[in-house]
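Numbers here are sequence positions counted from 1.
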Amino acid sequence: MSEVSVIINADDLGMSREVNDATFHLIEDGHVTSATMLANSPLIEEACERASLFPGCSFGAHLNLTQFSPLTGPGRLAPLLDDDGNLIEERIRGVSIDSSLAEEIFDEFCAQIDSLQSLGVAVGHIDSHHHVHTIPRLFSVLKRVQKKYQIRKVR
């Protein structure tokens with residue numbers, strides 16, 4: 001009989017102390033086997049440090065276009081930002097994604113993965129905050145990111 005494995009993934013690592021504590025507690029207890037990290041979130045550095053204590057867990061990038069400030073800077077992704085330069089959840093589904101914005105999104109996704117890697121995370125899979133990777137116009141952007149980083153798994 002072949003062995004069946006189940007992946008239980010926790011999202012939003014780095015978002016808050018509560019999320020970090022709960023996620024790492026579940027990983028430690030064996031209830032979670034995978035987690036995705038928000039590279040542009042407030043407590044991402046702490047999350048990355050703690051992740052190094054769990055080499056048996058798969059960590060991925062939770063690509064984010066809906067919350068916090070983009071890593072590529074305030075001048076980029078303007079149609080998705082509020083007046084303070086923060087991403088707004090509703091905008092990505094309502095804005096027209098032309099080739100220029102698609103390129104800025106690609107750059108932001110790459111900046112997020114690069115940031116996680118620079119913090120010591122071996123990015124094994126990608127997912128997205130608020131499921132933006134399921135937006136049809138972003139499919140080609142996601143495929144480019146996968147190819148660039150040689151990441152086969154999308155959750």
Side-chain angles (χ1 to χ4, degrees), residues 5-82 84-89 91-92 97 101-135 138-155:
S5 63
V6 176
I7 297 170
I8 311 252
N9 189 73
D11 289 340
D12 300 340
L13 259 176
M15 179 178 276
S16 68
R17 178 145 342 274
E18 294 79 15
V19 169
N20 287 357
D21 288 346
T23 301
F24 286 112
H25 177 75
L26 290 167
I27 292 170
E28 190 170 55
D29 286 351
H31 299 296
V32 167
T33 58
S34 170
T36 50
M37 303 177 136
L38 288 164
N40 65 330
S41 61
L43 293 175
I44 191 59
E45 290 180 12
E46 174 198 291
C48 291
E49 285 178 28
R50 291 173 73 179
S52 68
L53 302 174
F54 299 94
C57 186
S58 173
F59 291 97
H62 203 51
L63 301 174
N64 185 8
L65 297 173
T66 60
Q67 195 171 6
F68 309 119
S69 298
L71 296 181
T72 52
R76 309 287 306 271
L77 302 171
L80 306 179
L81 304 176
D82 65 16
D84 295 323
N86 294 309
L87 295 159
I88 302 172
E89 181 177 347
R91 292 263 174 100
I92 189 63
I97 302 172
L101 183 56
E103 193 62 29
E104 290 182 10
I105 289 169
F106 174 77
D107 290 345
E108 177 63 23
F109 284 170
C110 291
Q112 290 178 16
I113 292 172
D114 290 342
S115 177
L116 292 174
Q117 290 177 337
S118 75
L119 291 169
V121 176
V123 177
H125 61 277
I126 52 180
D127 191 357
S128 67
H129 199 41
H130 300 121
H131 308 287
V132 299
H133 73 286
T134 64
I135 297 171
L138 293 181
F139 183 75
S140 62
V141 174
L142 183 67
K143 295 310 286 179
R144 284 179 61 205
V145 170
Q146 281 186 273
K147 183 176 181 179
K148 178 176 179 172
Y149 293 96
Q150 301 291 299
I151 299 172
R152 293 184 42 219
K153 297 174 187 166
V154 177
R155 299 195 174 139

Separation between [atom1] of [X] and [atom2] of [Y], rounded to the nearest 0.5 Å:
X: R50; Y: E28; atom1: CZ; atom2: CD; answer: 9.0 Å
X: I105; Y: R76; atom1: CD1; atom2: CZ; answer: 10.5 Å
X: I27; Y: T33; atom1: CD1; atom2: OG1; answer: 8.5 Å
X: F109; Y: L138; atom1: CZ; atom2: CG; answer: 5.5 Å
X: E46; Y: R17; atom1: CD; atom2: CZ; answer: 4.5 Å
X: L101; Y: L65; atom1: CG; atom2: CG; answer: 8.5 Å

Could you tell me if the side chain of [Y] sits less than 4.5 Å from the side chain of [X], heavy atoms only?
X: I8; Y: H31; value: no
X: H125; Y: N9; value: yes
X: L63; Y: I113; value: yes
X: L116; Y: F59; value: no
X: L81; Y: L87; value: yes
X: Q146; Y: I126; value: yes

I'd like to know if the side chain of [X] and the backbone of [Y] have a donor-acceptor N/O pair within less than 3.5 Å.
X: T36; Y: G60; answer: no
X: N20; Y: G14; answer: yes
X: D82; Y: D84; answer: yes
X: Q112; Y: N64; answer: yes
X: N40; Y: S69; answer: yes
X: E89; Y: T66; answer: no

>> Less than 3.5 Å apart, any donor N or O on the side chain of S34 or R155 sitting next to an acceptor on the other?
In response: yes
Considering non-hydrogen atoms only, spot the tightest contact between [X] and [Y] and give its length.
X: P55; Y: S52; value: CD-O, 4.1 Å
X: L71; Y: S115; value: CD1-CB, 3.8 Å
X: A111; Y: T72; value: CB-CG2, 3.8 Å
X: A47; Y: F24; value: O-CZ, 3.4 Å
X: L77; Y: P70; value: CD1-CB, 3.7 Å

> Who are the salt bridge (Lys or Arg N to Asp or Glu O under 4.0 Å) partners of R91, not counting sequence neighbours?
Replying inline: none
> Does D12 have any side chain to side chain contact (heavy atoms under 4.5 Å, CB included) partners at least two apart in sequence or in another chain, and if so, which?
Replying inline: M15, V19, L38, H62, H129
> Can you list the residues that meet the ring pair (Phe, Tyr, Trp, His ring centres under 6.0 Å) rule with F106, with sequence neighbours excluded?
Replying inline: none
>> side chain to side chain contact (heavy atoms under 4.5 Å, CB included), that's the test. Do I97 and I92 meet it? Break it down for me.
In response: CA-CA 8 Å; I97 302 172; I92 189 63; 4.0 Å; yes
> T23 and D21: side chain to side chain donor-acceptor pair (under 3.5 Å), yes or no, with the steps?
Replying inline: CA-CA 6 Å; T23 301; D21 288 346; over 6 Å; no
>> Consider side chain to side chain contact (heavy atoms under 4.5 Å, CB included). Of V121, L119, D11, which one does M37 pass it with?
In response: V121
> Can you list the steps and then say if E104 with L80 is a side chain to side chain contact (heavy atoms under 4.5 Å, CB included)?
Replying inline: CA-CA 11 Å; E104 290 182 10; L80 306 179; over 6 Å; no
